[in-house]
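Reviewing the structure listed below.
Everything numeric here is computed off the predicted structure, so don't read it as measured data. All residue numbers in this chain count up from 1 along the given sequence.
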Amino acid sequence: MTLKFSQTSDSPESSASPCVIVGVFADGKMSDAAARLDQASSGALKRLLDSGDITTKLGSSSLLFGLGGIRTERILVVGLGSADKFDAAAFNKAALEAGRALKTLPVASAASWLTSLEVPARAGAWKLRTAALAADMHAYRYTATFKPKEQARTAQLEALAFAGTEDARALAEANAMAKGVRFARELGNLPPNICNPAHIAAQAKAFADAHAGVACEILERDDMEKLGMGSLLGVARGSANPPKLVVLRWNGGGEAKPYALVGKGITFDSGGISLKPGAGMEEMKFDMCGAAGMLGTFVAAVELALPLNLVCVVAAVENMPDGNSYRPSDVLTSMSGQTIEVLNTDAEGRLILCDALTYVQKFEPQVIIDAATLTGACVVALGKYASGLMTQDDELASELLDAGNRALDRAWRLPLWDDYQSALDSVFADFTNLGGKYGGAITAGCFLSRFTTGYRWAHLDIAGTAWNEGRKGLATGRPVPLLTQYLIDRCA
């Protein structure tokens, strides 16, 4: 369950919350909320600042107990860094630290006055939503595959109130985005023996059944064979888990053409016959995070009842080596009729996406956006901070980049010039599924572009941003904030 977010009109010194959160700048300047607590406690905060017992470095925190003159039991003081450098990124870092610290405290609820801070060029709604998502990011706990434990003896954070009362819409957006991010994270974190194509389909159907106005259709292997999805089905041949094409629809916009979200859902990517190295292969359960992110965005849009039409198509497939697996040098015929020479079976994401991109065009969308953990080359180029954005539509690129910047779920545009298309040339098919040695993220985008001619289309490569690497890494839920913000903007 996501945190329950609310707003409070209490003053920090009169709040009965088990924990009150305020900020202090590096030069000793207190936020207004911190100054009120200091005054009510007869200068206790200033004395602790002067003695060095409160740290003010950006992203640090100090926990205070038992101050006189105030109602709360605990004060969490978050360091804000230099006041003249305090911007949107600094605010987000402070909010993330508050969330991290709250997770360790034995409190069921807390109240934050970070949203009363002044952030240049950012309104109150942005602050509330950013602080809420930061808190929920840390409050999330993965428990699905652990032995059930006895009821925790200490309280765990369940509710967080923010200073102010005027941002009901922002509060709704925060709740919806948090639900979408959690939906995506939980799917991404589940092991591949649970989160297989059938599980993704079941989760989508369960969501549709629980929400009026949502329609769900699951296409099975026979349905895809009749449609001629030879590319997607080629990837699926080696797995005992049959593929699913999940189609969710939300009709909140009357007769308007829908926005289309398409996600890569490789529930485990062994590489197929072109087997991946063993080291790090356990992270390939995250190769369905594009699908998870699109489903999470759909969840957020429905929770907000956005006044637009939305279709979400997820290609859910497992890529495994087997006697029936597709091979390097196979030629696959896609749903579009275009033929593809397979040079590497580990370049499978584009092979399932191309048929999903062709299929979604039956809904005559006004915009198509796909998201995929598509290439290691994008990780090399951009690292883990920015998703790769590719499109030939400058206006769409600008809209997505702006949404990412405001949601702090940023993307960076890579070129999609025709110069790169020749890397896909083949003498045995219309083109290959792999470019040359260089520009792998871009040539993958070029491949997908061949299936979206005539449509406003953008591709997000989230291979570096969808999960945190390492044995303890978790799915991040990106690009749910970016795409939800994009859809909200379309309704403005």
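- Without hydrogens or angle criteria, T443 side chain to G439 main chain gives a donor-acceptor distance under 3.5 Å.
- Rounded to the nearest 0.5 Å, atoms OG (S61) and CG (L76) are 5.0 Å apart.
- Of the N and O atoms on the side chains of W457 and D370, at least one donor lies less than 3.5 Å from an acceptor on the other residue.
- Looking only at distances, no side-chain donor or acceptor of N92 sits under 3.5 Å from a matching main-chain atom of A88.
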> Which is it for V181 and F183 under the side-chain contact (heavy atoms from CB on, under 4.5 Å) test, yes or no, and what are the steps along the way?
Replying inline: CA-CA 5 Å; V181 168; F183 191 96; over 6 Å; no

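- The side-chain heavy atoms of K244 and N196, taken from C-beta on, include no pair separated by under 4.5 Å.
- For K276, the NZ atom counts as densely surrounded, since its 6.0 Å shell holds more than 12 non-hydrogen atoms of other residues, nucleotides or ligands.
- Electrostatic pairing of K226 and D223 does not count as a salt bridge here, judged by no charged N lying under 4.0 Å from a carboxylate O.
- Taking 4.0 Å as the cut-off between side-chain N and carboxylate O, D87 and R122 do not count as a salt-bridged pair.
- Side-chain contact check for E186 versus Y140: some heavy-atom pair is nearer than 4.5 Å.
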>> Could you walk me through whether S231 and D355 satisfy the side chain to side chain donor-acceptor pair (under 3.5 Å) test, starting with their C-alpha distance in whole Å, then the side-chain angles of each, then the deciding distance to 0.1 Å, before giving a yes or no?
In response: CA-CA 7 Å; S231 186; D355 279 346; 4.5 Å; no

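- Here the closest non-hydrogen pair linking L114 and S112 is N-OG, 3.2 Å.
- A donor-acceptor pair under 3.5 Å is formed between the side chain of N433 and the backbone N or O of L343.
- In this structure, R141 places its CZ atom where more than 12 heavy-atom neighbours from other residues, nucleotides or ligands lie under 6.0 Å away.
- Heavy atoms of other residues, nucleotides or ligands lying less than 6.0 angstrom from CZ of F428 number 12 at most.
- Atoms NZ and CD, on K384 and E469 in that order, are 5.0 Å from each other to the nearest 0.5 Å.
- Under a 4.0 Å N-O distance rule, the pair K264/D287 qualifies as a salt bridge.
- The pair K4-D136 fails the salt-bridge criterion, with no side-chain N (NZ, NE, NH1 or NH2) lying under 4.0 Å from an Asp/Glu carboxylate O.
- Counting only N and O atoms by type, the side chains of Q485 and R129 include a donor and acceptor under 3.5 Å apart.
- At a threshold of 4.5 Å between non-hydrogen side-chain atoms, the residues L219 and L227 count as touching.
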>> For a side-chain contact (heavy atoms from CB on, under 4.5 Å) check, start with the C-alpha distance between D394 and R413, then their side-chain angles and the critical distance, and finish with the verdict.
In response: CA-CA 10 Å; D394 291 341; R413 190 178 183 184; 2.9 Å; yes

> Please walk me through it: do L434 and L424 pass side-chain contact (heavy atoms from CB on, under 4.5 Å)?
Replying inline: CA-CA 6 Å; L434 198 66; L424 299 172; 6.0 Å; no

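- Enclosure of atom NZ in K103 by more than 12 non-hydrogen atoms of other residues, nucleotides or ligands within 6.0 angstrom is indicated.
- In plain terms, the two heavy atoms of T373 and F286 that are nearest each other are CG2-O, 3.9 Å.
- A side-chain donor-acceptor contact under 3.5 Å links T391 to the backbone of D393.
- The two residues T476 and M137 have their closest heavy-atom pair at O-CE, 3.5 Å.
- Looking at heavy atoms from C-beta onward, M288 lies out of side-chain contact with I266 at the 4.5 angstrom threshold.
- Looking at N405, its side chain does come within 3.5 Å of a backbone N or O of L401 through a donor-acceptor pair.
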> Run the side chain to side chain donor-acceptor pair (under 3.5 Å) check on Y326 and E348 step by step: do they pass?
Replying inline: CA-CA 10 Å; Y326 78 127; E348 85 300 327; 5.4 Å; no

>> Before you tell me yes or no, could you show the steps for T465 and S387 under side chain to side chain donor-acceptor pair (under 3.5 Å), namely the whole-Å CA-CA distance, both residues' side-chain angles and the distance that decides it to 0.1 Å?
In response: CA-CA 6 Å; T465 59; S387 300; 2.8 Å; yes

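- Under the 3.5 Å distance criterion, the side-chain polar atoms of N309 are matched with a main-chain donor or acceptor of A256.
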>> Could you go through W126 and F91, starting from their C-alpha distance and side-chain angles, then the distance that decides it, and tell me whether this counts as ring-ring contact (aromatic ring centres under 6.0 Å, His included)?
In response: CA-CA 11 Å; W126 178 91; F91 178 86; 5.6 Å; yes

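- Between the side chain of T333 and the backbone N or O of G228, no donor-acceptor pair lies under 3.5 Å.
- For the pair C216 and L248, the tightest heavy-atom approach, listed with the atom from each and the gap, is CB-CD2, 3.6 Å.
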>> One pair to check against side-chain contact (heavy atoms from CB on, under 4.5 Å): L416 and C446. What are the steps and the verdict?
In response: CA-CA 6 Å; L416 200 60; C446 287; 4.0 Å; yes

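- To the nearest 0.5 Å, atoms CD (Q338) and CZ (F431) are separated by 4.0 Å.
- Shortest non-hydrogen contact noted between L414 and G388 is CD1-CA, 4.5 Å.
- The main-chain N or O of R185 is found under 3.5 Å from a side-chain atom of N189 such that the two form a donor-acceptor pair.
- No hydrogens or angles considered: a donor-acceptor pair under 3.5 Å links the side chains of S274 and T345.
- Rounding to the nearest 0.5 Å gives a distance of 4.5 Å between CD of Q421 and OG of S449.
- Side-chain N or O atoms of T104 include one that pairs as donor or acceptor with a backbone N or O of A101 at under 3.5 Å.
- A donor-acceptor contact closer than 3.5 angstrom links the side chains of D461 and T375.
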> Step by step, would you call R406 with D489 a salt bridge (Lys or Arg N to Asp or Glu O under 4.0 Å)?
Replying inline: CA-CA 11 Å; R406 285 189 289 130; D489 292 344; 2.3 Å; yes

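- Side-chain contact annotation: Y455 with Q366, donor-acceptor N/O pair under 3.5 Å absent.
- Note that CZ of F298 is 10.5 Å distant from CG of L306, once rounded to the nearest 0.5 Å.
- Atom NE2 of H138 is separated from atom CG of L96 by 5.0 Å, given to the nearest 0.5 angstrom.
- Between P191 and I194, the closest side-chain pair of non-hydrogen atoms falls below 4.5 Å.
- Judged purely by distance below 3.5 Å, without hydrogens or angles, the side chains of S270 and N319 never pair a donor atom with an acceptor atom.
- Counting all heavy atoms, side chain and backbone alike, F447 lies closest to F451 at O-CD1, 3.3 Å.
- Annotation: side chain of M177 is not in contact with side chain of V480 (no heavy-atom distance under 4.5 Å).
- Seen from the ring of Y259, R490 does not count as a face-on cation partner, given the 6.0 Å and 45° thresholds.
- The side-chain heavy atoms of R478 and I462, taken from C-beta on, include no pair separated by under 4.5 Å.
- Put simply, the side chain of N468 never gets that close to the backbone of G473: no donor and acceptor are under 3.5 Å apart.
- For the pair I218 and L245, the minimum side-chain heavy-atom distance is 4.5 Å or more.
- Atom CZ of R182 has more than 12 heavy atoms from other residues, nucleotides or ligands within 6.0 Å.
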